[in-house]
Each structure stands twice: as C-alpha cells, then as structure tokens.
Asks: 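Here it is, the structure, as structure tokens.
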Number of protein chains: 2
Amino acid sequence: MITLYDLVFQDDRRPSPFCWRAKFALKHKGLGWRDEPMGFTEKQKIAFAQSQTVPVIHDGPHVVKDSWAIAQHLDSAYPEKPLFGPARHHAHFVASWVDSTVHPALFPILVGDLYERVRPVDQPYFLDSRGKRLGTTDFAGFQAKAREKGVAAFCAVLEPARRVLKEQPFLSGEQPAYPDYALAGAFLWARVATPLTLLEADDPVHPWRERMLDLFDGMGRKAKTA
Amino acid sequence: MITLYDLVFQDDRRPSPFCWRAKFALKHKGLGWRDEPMGFTEKQKIAFAQSQTVPVIHDGPHVVKDSWAIAQHLDSAYPEKPLFGPARHHAHFVASWVDSTVHPALFPILVGDLYERVRPVDQPYFLDSRGKRLGTTDFAGFQAKAREKGVAAFCAVLEPARRVLKEQPFLSGEQPAYPDYALAGAFLWARVATPLTLLEADDPVHPWRERMLDLFDGMGRKAKTA
C-alpha cells in the first residue's frame with residue numbers, strides 16, 4: 001500500500017497543488033493510497049524522506065519526494081496506463097507557449113531592427129500591418145522604449161525552459177525534437193533581425209541555444225544574421 | 001521534392017520563427033527541400049495554398065500551411081525519427097510552466113484566503129515563511145491589492161493552455177495525462193483556498209476545468225472547498 005503525505009489546512013482542507021498532482025497521478029494509474037495529512041508544523045512526519053515539503057510517498061521500499069519525481073516513479077514502477085502521452089499534444093503545448101508568450105515578449109524589442117531589414121519593396125506592408133498592431137509607426141522609438149525593461153522581461157518569460165534545461169541538454173531530453181525547434185525559431189528570428197544580446201552567458205538557456213545553432217551542420221549558425 | 005515557402009528580408013535574410021520551425025522539422029526528418037523565398041508583397045506565391053502567411057509546403061499531392069500543421073504532416077507522412085518524443089520530457093516542461101508561471105500568478109491573489117484557512121497551529125509558520133517571501137504579513141491587504149489586476153493577469157498567463165484547449169478536450173488530447181494534472185493542481189489549490197471566481201464561463205479553459213473536477217469519480221469536485 002502506498003502512503004501519501006498531503007498538506008492539510010483547517011477542517012481537513014487539502015490545498016497543495018503539488019499534492020493534487022500526485023493524487024491525480026495515483027488515480028490515473030488506478031492505485032489506492034493511505035492518506036497521511038500533515039500540517040506545516042508537523043514536518044517531522046516526513047523527516048524520514050529527507051524532505052521539507054510534501055508530497056512524499058512511501059511505496060514499499062521506495063521513498064519518493066517531489067511531485068515530478070513521484071510522477072516518474074509511478075510511471076516506471078506501474079507502466080500500465082502511461083502518464084506522459086501522447087507526445088504530440090505536449091509538443092503542441094510547448095509551441096503554443098512559444099507563440100503566446102515568447103514571441104509577444106520578443107516582438108517589441110525587435111520591431112525597429114526588423115523593419116530596417118525588411119526588403120524596401122516590402123517596407124510599406126510592414127509599416128501598415130505592424131503599425132496597426134502597435135498603434136505607432138515609430139518602430140525605432142517603440143523598440144528603444146521596450147528595451148528599457150524588455151530584455152529582462154523576455155528572459156523572465158523563458159523560466160519554464162530554463163528549469164528543464166538546468167537538468168538536461170534539450171527540452172526533449174538527450175536529443176532535440178519539436179519543442180526545441182519551436183523555441184529555437186524564436187531565437188533565430190531575433191538573431192536574423194538584431195545584434196542585441198538577449199542571453200547572458202551564465203543563463204542555462206545559453207548553452208542550449210548554442211547547441212541549437214550547431215544542429216544539422218550549423219543550419220542556424222550559418223543563417224545570415226543582423 | 002518538397003517546396004518550402006520562406007519569408008525573406010533584405011540580402012536574403014530569413015527571419016520567420018515559424019519557417020525556422022519548419023526547416024528544423026525537415027532537417028530532423030532528414031528531408032531536403034526546394035527553397036522558395038517570399039516577401040510580404042508576394043503573397044500571390046502562396047495563394048494556391050489559401051494562405052496569407054508562411055510557412056507553406058508543397059509536398060507531392062499535399063499542400064500544407066501553418067507550422068503546426070506542417071509538423072504533423074511531416075510526422076505522419078515520414079514516420080521515421082518521430083518529431084514529438086519523448087512525452088515524459090514534454091510533460092516536464094508543462095509542469096515547469098505551471099510552477100514558474102501559473103503558481104506565481106495565483107499566489108498573490110490567494111494568499112489572504114489561504115492564510116485564513118491554515119490550521120491555527122500552523123498559522124505562525126505560514127505568517128513567517130510567506131511573510132518573508134512577500135515582504136509583508138498583511139496578507140489580506142496584499143491580496144486585495146493583487147486582485148485589482150491579478151485575476152486578469154492570471155487569465156492572460158493561461159493563454160498557451162487556452163490555445164490548445166480550443167482544439168481538444170484535454171492538454172494531452174482526447175484523454176487527460178500528467179500536464180492536465182499539473183494545471184488542475186493549480187486550480188484545486190485555488191478552489192480549496194478561495195471562493196474567488198477565476199474563469200469566466202466563456203473561457204475555453206472553463207469546460208476543461210469542469211472535466212478535471214469530474215475525473216476519477218469527482219475526486220476534485222468532492223474536495224472540501226473554501
């Protein structure tokens with residue numbers, strides 16, 4: 001029998017989002033568990049797991065702390081009903097994240113440099129279409145103002161990728177796949193458009209970007225840049 | 001031979017992040033292509049695809065527009081070297097997105113209500129630990145101020161999930177899996193802590209949340225709420 005240590009509030013309320021992940025994962029696998037509520041002042045209950053936080057599970061010989069580690073343990077110990085598929089939909093999510101979060105954080109700090117590099121014949125189109133989007137056609141001024149906070153804001157937006165890339169070379173693990181390509185596209189957009197430095201060398205995203213530029217015989221690195 | 005229509009700037013620069021995704025995906029599959037550069041004023045080149053934007057590919061009988069549709073086409077037409085795996089790493093990304101984006105957007109608008117529901121014995125711990133994090137122990141005041149913009153900001157943060165959920169019932173496709181559980185955990189955290197309305201009924205995330213509350217014999221819906 002699995003024991004799950006779950007954070008408890010007044011009147012047996014269970015708020016912890018990380019414990020909820022563990023409960024959903026257990027249910028997904030069709031596994032029951034013994035519930036062990038723990039308040040903030042009862043951390044001695046999970047000292048055996050060398051953990052300060054819940055969820056913790058005790059599963060036969062296995063003591064597992066941290067919701068992501070628990071998910072991985074359950075999926076490998078109970079391989080029926082995989083917890084992590086299908087990959088296509090998850091890749092779609094990452095691409096949607098790039099579209100709706102990374103690109104909007106980049107566009108204002110690129111727009112002036114982009115405009116300068118549009119082919120002259122296409123500049124009126126860019127001026128009209130992007131001017132409507134931004135409410136101004138002073139792209140250089142808009143960009144300058146956006147850069148005051150924009151580079152830091154852009155770096156903040158990368159945090160989900162940063163967390164994954166602290167642990168592994170690519171978003172998709174040991175080898176790159178579509179989520180890596182979606183995010184690399186954003187960086188190549190910037191690289192082709194502007195000489196602006198976006199990533200500090202000590203950012204875990206930086207060596208990943210270098211790897212992406214090197215991929216496929218340096219396809220990205222060889223692209224004509226700003 | 002595949003033809004790829006790729007946005008072109010001055011001096012043959014190729015900025016489009018979506019075209020870069022398509023190029024990486026083609027390289028991933030080991031496929032060559034014929035390059036067809038297109039400027040903003042040459043959209044007649046892709047009129048045959050009923051598209052206003054690139055990338056567009058022409059692959060034998062298949063005309064495919066939109067970078068995500070192209071990725072899916074390539075993965076089904078050329079099943080060697082899957083573009084979308086392994087699912088575990090992508091699920092990790094989604095969980096990291098919830099941790100680093102959704103939770104921080106929720107915490108300030110929940111903190112006062114959370115504090116009220118902590119067991120009295122645990123309240124000094126919460127006061128000290130969360131007070132240090134926020135720089136104040138006036139959680140009710142902090143929460144009230146955060147709610148002025150915070151609910152809209154929280155909804156904005158959900159955009160990557162919203163885009164996926166417009167097209168399918170769960171983040172993981174037709175059936176829920178770990179990314180759904182990670183995001184559902186955030187909503188259950190809020191549900192247990194506060195009566196505040198977070199989602200409008202016409203938000204595509206709303207029916208997904210209802211489905212998540214119903215899952216596993218209503219495990220989430222039956223949880224003791226605020």
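Within every chain, numbering begins at 1; the chains are lettered A, B, ... in the order of the sequence lines, protein sequences first and strands thereafter. Since we're looking at a predicted model, the values are computed, not measured.
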Asks: By a 4.5 Å heavy-atom criterion (distance strictly below it), what part of A:Lys29 contacts chain B: side chain, backbone, both, or neither?
Replies: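 It is neither, since no heavy atom gets under 4.5 Å.
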
Asks: Under 4.5 Å heavy-atom distance to chain A, tell me which part of B:Phe93 shows up: side chain, backbone, both or neither.
Replies: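 Both the backbone and the side chain of B:Phe93 come within 4.5 Å of chain A.
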
Asks: With a 4.5 angstrom heavy-atom cut-off, which part of B:Thr225 approaches chain A: side chain, backbone, both or neither?
Replies: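 The answer is the backbone of B:Thr225.
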
Asks: Salt bridge or not for A:Asp217 and A:Lys222, using N-O below 4.0 Å?
Replies: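 Result for this pair is yes, salt bridge flagged.
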
Asks: What part of B:Ala182 is in contact with chain A, defined as an atom under 4.5 angstrom from a non-hydrogen atom: side chain, backbone, both or neither?
Replies: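 For B:Ala182, the contact with chain A is made by backbone and side chain together.
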
Asks: Looking only at heavy atoms and a cut-off of under 4.5 Å, which of A:Ala95, A:Pro82, A:Ala186, A:Ala156 has the most pairs with chain B?
Replies: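 Going by pairs under 4.5 Å, I would pick A:Ala95.
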
Asks: Looking at A:Gln44, I'd like to know if its CD atom is crowded, meaning that more than 12 non-hydrogen atoms belonging to other residues, nucleotides or ligands lie closer than 6.0 Å.
Replies: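 More than 12 within 6.0 Å, yes.
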
Asks: Does the ring centre of A:Phe84 sit less than 6.0 Å away from the ring centre of A:Trp68?
Replies: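 Yes, the ring of A:Trp68 comes within the 6.0 Å limit of the ring of A:Phe84, centre to centre.
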
Asks: So which part of B:Arg117 gets closer than 4.5 Å to some heavy atom of chain A, the side chain, the backbone, both or neither?
Replies: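 Both backbone and side chain.
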
Asks: With side-chain contact (heavy atoms from CB on, under 4.5 Å) as the test, would you mind laying out the steps for B:Phe40 and B:Leu7 before giving the verdict?
Replies: CA-CA 7 Å; B:Phe40 286 122; B:Leu7 186 68; 3.8 Å; yes

Asks: Measure B:Val157 against the heavy atoms of chain A and call it side chain, backbone, both or neither at under 4.5 Å.
Replies: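 It is neither, since no heavy atom gets under 4.5 Å.
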
Asks: If you count heavy-atom pairs under 4.5 Å with chain A, which of B:Arg119, B:Glu42, B:Glu159 comes out on top?
Replies: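 The residue among B:Arg119, B:Glu42, B:Glu159 with the greatest pair count is B:Arg119.
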
Asks: Check each atom of B:Lys81 against the heavy atoms of chain A and say whether the ones under 4.5 Å are side chain, backbone, both or neither.
Replies: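 Interface part for B:Lys81: neither.
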
Asks: Under a 4.5 Å heavy-atom cutoff, which of A:Pro176, A:Pro160, A:Gly185, A:Gly220 has the most pairs with chain B?
Replies: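 Among the listed options, the one with the most contacts to chain B is A:Pro160.
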
Asks: Nearest 0.5 Å please: distance from the CZ atom of A:Phe170 over to the CH2 atom of A:Trp208.
Replies: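 Here the interatomic distance stands at 9.0 Å.
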
Asks: What residue in A:Ser100, A:Ala22, A:Ser16 has the most heavy-atom pairs under 4.5 Å with chain B?
Replies: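 Maximum pair count with chain B is reached by A:Ser100.
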
Asks: With a 4.0 Å cut-off, would you call A:Asp180 and A:Arg211 a salt bridge?
Replies: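 Here A:Asp180 does not pair with A:Arg211 in a salt bridge, since their nearest N and O are not under 4.0 Å apart.
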
Asks: For the CG atom of B:Asp128 and the OG1 atom of B:Thr137, what is their distance to the nearest 0.5 Å?
Replies: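 The distance works out to 10.0 Å.
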
Asks: For B:Leu114, is it the side chain, the backbone, both, or neither that has a heavy atom closer than 4.5 Å to a heavy atom of chain A?
Replies: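 For B:Leu114, the contact with chain A is made by backbone and side chain together.
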
Asks: Among A:Lys27, A:Glu116, A:Arg14, A:Gln72, which has the most heavy-atom pairs under 4.5 Å with chain B?
Replies: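 Most pairs with chain B among the choices: A:Lys27.
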
Asks: Can you tell me which portion of A:Ala226 sits under 4.5 Å from chain B's heavy atoms? Options are side chain, backbone, both or neither.
Replies: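 For A:Ala226, backbone heavy atoms alone lie under 4.5 Å from chain B.
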
Asks: Return the orientation label for the B:Phe18 and A:His103 ring planes: parallel under 30°, perpendicular over 60°, tilted otherwise.
Replies: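 Answer is perpendicular, since the angle exceeds 60°.
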
Asks: Looking at B:Val98, B:Leu215, B:Val8, B:Asp12, which has the largest count of heavy-atom pairs under 4.5 Å with chain A?
Replies: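 Option with the top pair count is B:Val8.
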
Asks: side-chain contact (heavy atoms from CB on, under 4.5 Å), that's the test. Do A:Arg130 and A:Tyr115 meet it? Break it down for me.
Replies: CA-CA 9 Å; A:Arg130 274 53 175 178; A:Tyr115 180 62; over 6 Å; no

Asks: If you count heavy-atom pairs under 4.5 Å with chain A, which of B:Asp99, B:Leu171, B:Val164, B:Thr101 comes out on top?
Replies: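 Of the candidates given, the most pairs with chain A belong to B:Asp99.
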
Asks: Shorter than 4.5 Å, heavy atoms on both sides: which option in B:Ser172, B:Ala177, B:Ala71 has the most such pairs with chain A?
Replies: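 The residue among B:Ser172, B:Ala177, B:Ala71 with the greatest pair count is B:Ser172.
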
Asks: Taking every non-hydrogen pair under 4.5 Å, which of A:His92, A:Arg163, A:His28, A:Met212 racks up the most with chain B?
Replies: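 The answer is A:His92.
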
Asks: Look at B:Gln123, B:Arg191, B:His90 and state which one has the largest set of heavy-atom pairs under 4.5 Å with chain A.
Replies: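 Of B:Gln123, B:Arg191, B:His90, B:His90 has the most heavy-atom pairs under 4.5 Å with chain A.
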
Asks: Given the options B:Lys224, B:Arg88, B:Gln175, which has more heavy-atom pairs under 4.5 Å with chain A than any of the others?
Replies: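 Going by pairs under 4.5 Å, I would pick B:Arg88.
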
Asks: What's the separation between atom CG in A:Leu83 and atom CG in A:Leu26, rounded to the nearest 0.5 Å?
Replies: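 One gets 9.5 Å once the value is rounded to the nearest 0.5 Å.
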
